[in-house]
Amino acid sequence: MLEIAAINSFYGRAHILHDLSLSVNAGEVVALLGRNGAGKTTTMKSVMQLVRARSGRVRLEGEDITGWPAYRVARHGIGYVPEERRIFTDLTILENLEVGRQSARYAAPAWTVEMLFELFPNLGERRHNRGKTLSGGERQMLSIARTLMGNPRLLLLDEPSEGLAPLIMEHMAETILRFKAKGLTVLLSEQNLHFARIVADRALIIERGEKKFDGSFAELEHHPEIRDAHLSV
Ligand code: ATP
């Protein structure tokens, strides 16, 4: 589904991603793990072409999307939920979702507002409330729901568990598992190994923009030295 082939990404002169290669298969949930500053967000931005890799390629279902404008990448089927999770605070929940629908013009919509309210009942109950009345966790859910309105085939979630209270985190994990059950492919970045293990099929560990591990969580458990070297646990 997604293939990143030997990308090198920079901010100015700072070389952040070093010949980074990784792939995500259709229907898979993959967790990109690494400490603060390891390059997880930069990897997601490089997929979206918000950061342009100086070398290397990014392919979606075999099609080379390297160098495309980000809006075109989004239209082509990659939904990106950044860490900042911007929502429109002066618009209602329903209006926020309608904004997300704009980019779905080009494809048959897989998600309707009602389906999303079934998945996120809190949002459904308060559909006419403004974004600014939502808690942090609810904003997180709304930004994901809005991205789904764009009908992505691949969803990029930057630290979905960050800042969530334990109960909300559990709901977030269930939600991601439901996406998977619906056939959505997900690449998420995480610092929370426990959360990642619940939702993901495979772990990718990066440090200083280099891949250090690619395998199952069972395999990772057999190599605590890898975990200890590259993750804060
Ligand atoms: P976090 O969990 O903190 O978001 P991360 O793994 O997502 O960490 P990145 O945000 O990709 O890491 O950052 C990778 C490196 O790039 C860090 O050293 C960071 O300081 C640097 N960096 C990030 N954004 C910029 C920028 N706009 N300009 C310069 N350097 C940046």
Side-chain angles (χ1 to χ4, degrees), residues 24 27-33 40-41 44-45 47-48 50 70 74-75 77-104 107 109-201:
V24 181
E28 218 183 0
V29 177
V30 173
L32 189 58
L33 299 161
K40 304 181 294 295
T41 300
M44 302 221 161
K45 287 187 172 166
V47 171
M48 282 314 282
L50 292 165
R75 260 181 211 170
I78 306 186
Y80 174 46
V81 183
E83 218 171 348
E84 309 84 63
R85 301 179 232 290
R86 300 241 173 82
I87 60 163
F88 297 99
T89 50
D90 285 325
L91 299 184
T92 67
I93 290 175
L94 202 52
E95 288 163 345
N96 265 278
L97 294 178
E98 292 301 335
V99 171
R101 195 204 297 278
Q102 299 301 319
S103 53
W111 298 86
T112 62
V113 167
E114 286 314 316
M115 282 161 78
L116 289 168
F117 285 157
E118 201 180 303
L119 197 59
F120 301 106
N122 286 3
L123 298 181
E125 281 161 25
R126 303 169 58 195
R127 64 185 74 188
H128 299 298
N129 293 10
R130 286 182 201 273
K132 64 179 143 209
T133 66
L134 300 183
S135 69
E138 289 165 338
R139 286 177 193 219
Q140 218 137 315
M141 303 291 180
L142 178 56
S143 62
I144 295 175
R146 193 182 62 196
T147 303
L148 289 175
M149 288 293 286
N151 194 30
R153 284 167 286 158
L154 169 67
L155 190 61
L156 306 178
L157 297 175
D158 202 346
E159 302 215 21
S161 77
E162 195 193 18
L164 297 184
L167 254 182
I168 316 281
M169 205 186 283
E170 227 171 89
H171 180 208
M172 181 65 81
E174 280 163 21
T175 305
I176 293 171
L177 290 171
R178 286 177 74 177
F179 293 163
K180 182 181 155 63
K182 278 189 169 288
L184 199 61
T185 307
V186 181
L187 176 64
L188 54 95
S189 85
E190 259 311 319
Q191 294 207 39
N192 184 329
L193 184 59
H194 174 69
F195 182 88
R197 195 189 283 124
I198 293 171
V199 300
D201 303 309

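In what follows, residues are counted from 1 in the order of the sequence shown.
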Asp90 and Arg130: CA distance, side-chain angles, deciding distance, salt bridge (Lys or Arg N to Asp or Glu O under 4.0 Å) verdict: CA-CA 6 Å; Asp90 285 325; Arg130 286 182 201 273; 5.2 Å; no

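- When the salt bridge (Lys or Arg N to Asp or Glu O under 4.0 Å) test is applied to Glu114, the partners found at least two apart in sequence or on another chain are Arg127.
- Here the side chains of Ile176 and Phe195 are in contact, with some heavy-atom distance below 4.5 Å.
- Side-chain contact between Leu142 and Ile93 is present, with heavy atoms from C-beta onward closer than 4.5 Å.
- At least one donor-acceptor pair under 3.5 Å links the side chain of Glu138 to the backbone N or O of Ser135.
- Residues that satisfy the side chain to side chain contact (heavy atoms under 4.5 Å, CB included) test with Leu164, not counting sequence neighbours, are Gln140, Ile168, Met169, Met172.
- Residues Leu119 and Thr175 have side chains in contact (heavy-atom distance under 4.5 Å, counting atoms from C-beta outward).
- Between His171 and Leu167, the closest side-chain pair of non-hydrogen atoms is not below 4.5 Å.
- Every side chain to side chain contact (heavy atoms under 4.5 Å, CB included) that Lys182 has, sequence neighbours left out, goes to Trp111, Met115.
- Within the 4.5 Å cutoff, the side chain of Leu188 has no heavy atoms near those of the Leu156 side chain.
- Pro152 is linked by a side chain to side chain contact (heavy atoms under 4.5 Å, CB included) to Leu148, Leu155, counting only residues two or more places apart in sequence or in another chain.
- The salt bridge (charged side-chain N to carboxylate O under 4.0 Å, His left out) contacts involving residues 186-198 comprise Arg197-Glu221, where partners must be two or more places apart or lie in separate chains.
- With sequence neighbours left out, Glu162 forms a side chain to side chain contact (heavy atoms under 4.5 Å, CB included) with Glu83, Arg85, Glu159.
- No side-chain donor-acceptor contact under 3.5 Å links Arg126 to the backbone of Pro121.
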